[in-house]
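Computed over heavy atoms, backbone and side chain alike; hydrogens, waters and symmetry mates excluded. In the text below, chain A, chain B and the rest are named by the order of the sequence lines, each starting its count at 1.
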Number of protein chains: 2
Amino acid sequence: MKVRDVAEAAGCSIGSVYNEFGDFDGLILTVNRETVQALTARLKAVPADDPLRQLHGLADAYLGFATEHANLLRSLFEHRMEDDRPFPEDILAMVMDAFALMHAPLVRLLPGRDPDDVALLSRMMFSAVHGIISLGLEERMVAVPPEMLRERLAEFVDTHLAGLGVTRSA
Amino acid sequence: MKVRDVAEAAGCSIGSVYNEFGDFDGLILTVNRETVQALTARLKAVPADDPLRQLHGLADAYLGFATEHANLLRSLFEHRMEDDRPFPEDILAMVMDAFALMHAPLVRLLPGRDPDDVALLSRMMFSAVHGIISLGLEERMVAVPPEMLRERLAEFVDTHLAGLGVTRSA
DNA sequence: CCTAAAAATGAACATTGTTCAAGAAGAATC
DNA sequence: GATTCTTCTTGAACAATGTTCATTTTTAGG
């Protein structure tokens, strides 16, 4: 993404882009905000009736979004602020909202556990799924091939839940 | 990293940097090669006597390397080639060598399984661990806090192995 | 209409990757 | 040692891109 391209696409001058977004970071962050919102909308569309089915649905929805918008997700997770400025709070809050959707079903599946423990478990599961998907879609390095990603991701979720003591029959 | 800084640090001209590395990509890739080699050396230092202890050791070594050289690992995994040129084969091969160290103990722990299956499982586990560590060290977004990363990572490995049917007593 | 505030503009600047003609250094031959 | 040829090194100049800001244009108020 280039400032000049944005200006041309918007039919305005370079200066106007700066008036609107402040600087290049502001431009990127605006895109990232829309990315989080689009992702959240997609995750919210997953049925929440059965927690196990919901977890699989969320993983699948995340995979779908990552497949269709690989660049946007990379921008969201890999962008570094200029001059070590802090990451905007509002984006963090939006990501947390999206994450809460993944946290909820795990809480239901592990009713006996310490809530703080479940919070860390869900963070870990999200990071793991994110890693599998993002490396898998890179098609380089050590990665699960994209065409197998869907079923293997489901398998991963099942395996990990089994390790946590969740029985599939429930 | 800037070409001019490299030239100054090396005590030569800008042109000499280009004679040596070709272009900016060549410079980055040279750094990435050293990164893979350093990582491999570190992983090879993990004792291979007991496969379960080895897996934990490898995860821990990976975390240690990522903690000490966050920028190098990011460069290795996030760098995109200019002009969509293909990723160098030799680096891929070196990464595969490093990865084989993680694959081997899992093969020993799952002797009954189809080798292709174990290959995919180990890729998935590596991607998962990579995701947990890289997001965790970012300290932003949904991530496992760095100070808890070590023990939680071990817990993750145990949980996933349990899900795969590996008993800790062995 | 006139004036003041607000917004838009794009030329000019700073940084950084890249090129390449010119010069320096070295090797080979006599 | 001198000459020539080859190779290496240099850094000025160029290209691409983020950034600034004095100027111009537009809008709003009276």
Report task. Take the protein atom CG of A:Asn19 and the nucleotide atom P of C:dA6, then report the distance between them rounded to whole Å. Result -> 13 Å
Report summary line: In whole angstroms, the gap separating C1' of D:dG18 from CE of A:Met81 amounts to 15 Å
Query raised in the report: Base, sugar-phosphate, or nothing for A:Asp23, non-hydrogen atoms under 4.0 angstrom?
Result: sugar-phosphate
Report task. Would you kindly give the CZ-to-P distance between B:Phe21 and C:dG17, to the nearest whole Å? Result -> 14 Å
**Report entry** Residue whose nearest DNA chain C nucleotide is more 5′ - B:Met1 or A:Gly11
**Finding:** A:Gly11
Report task. Report yes if some heavy atom in the side chain of B:His56 is under 4.5 Å from a heavy atom in the side chain of B:Asp158; otherwise report no. Result -> yes
Query raised in the report: Do the ring planes of A:Phe99 and A:His103 sit parallel (below 30°), tilted (30 to 60°) or perpendicular (above 60°)?
Result: parallel
Query raised in the report: For the pair made of CG in A:Asp25 and P in D:dG18, what is the distance, rounded to whole Å?
Result: 12 Å
Query - Nearest-angstrom distance from the residue atom CZ of A:Phe24 to C1' of D:dT19 - result: 12 Å
Query - Under-4.0 Å side-chain N/O to phosphate OP1/OP2 contact, A:Ser13 with C:dA8 - result: no
Report summary line: B:Ile28 atom CD1 is separated from C:dT16 atom C1', nearest whole Å, by 13 Å
Report task. Could you tell me whether B:Tyr18 contacts a base, only the sugar-phosphate backbone, or nothing, with contacts defined as non-hydrogen atoms closer than 4.0 Å? Result -> base
**Report entry** Whether A:Ser16 side chain and A:Cys12 backbone form a donor-acceptor pair below 3.5 Å
**Finding:** no
Query raised in the report: For B:Ile14 and C:dG17, what is the distance between atoms CD1 and P respectively, to the nearest whole Å?
Result: 9 Å
**Report entry** Ring center gap for B:Phe77 and B:His130 short of 6.0 angstrom
**Finding:** yes
Query raised in the report: What is the distance, rounded to the nearest whole Å, between atom CZ of B:Arg4 and atom C1' of D:dA12?
Result: 11 Å
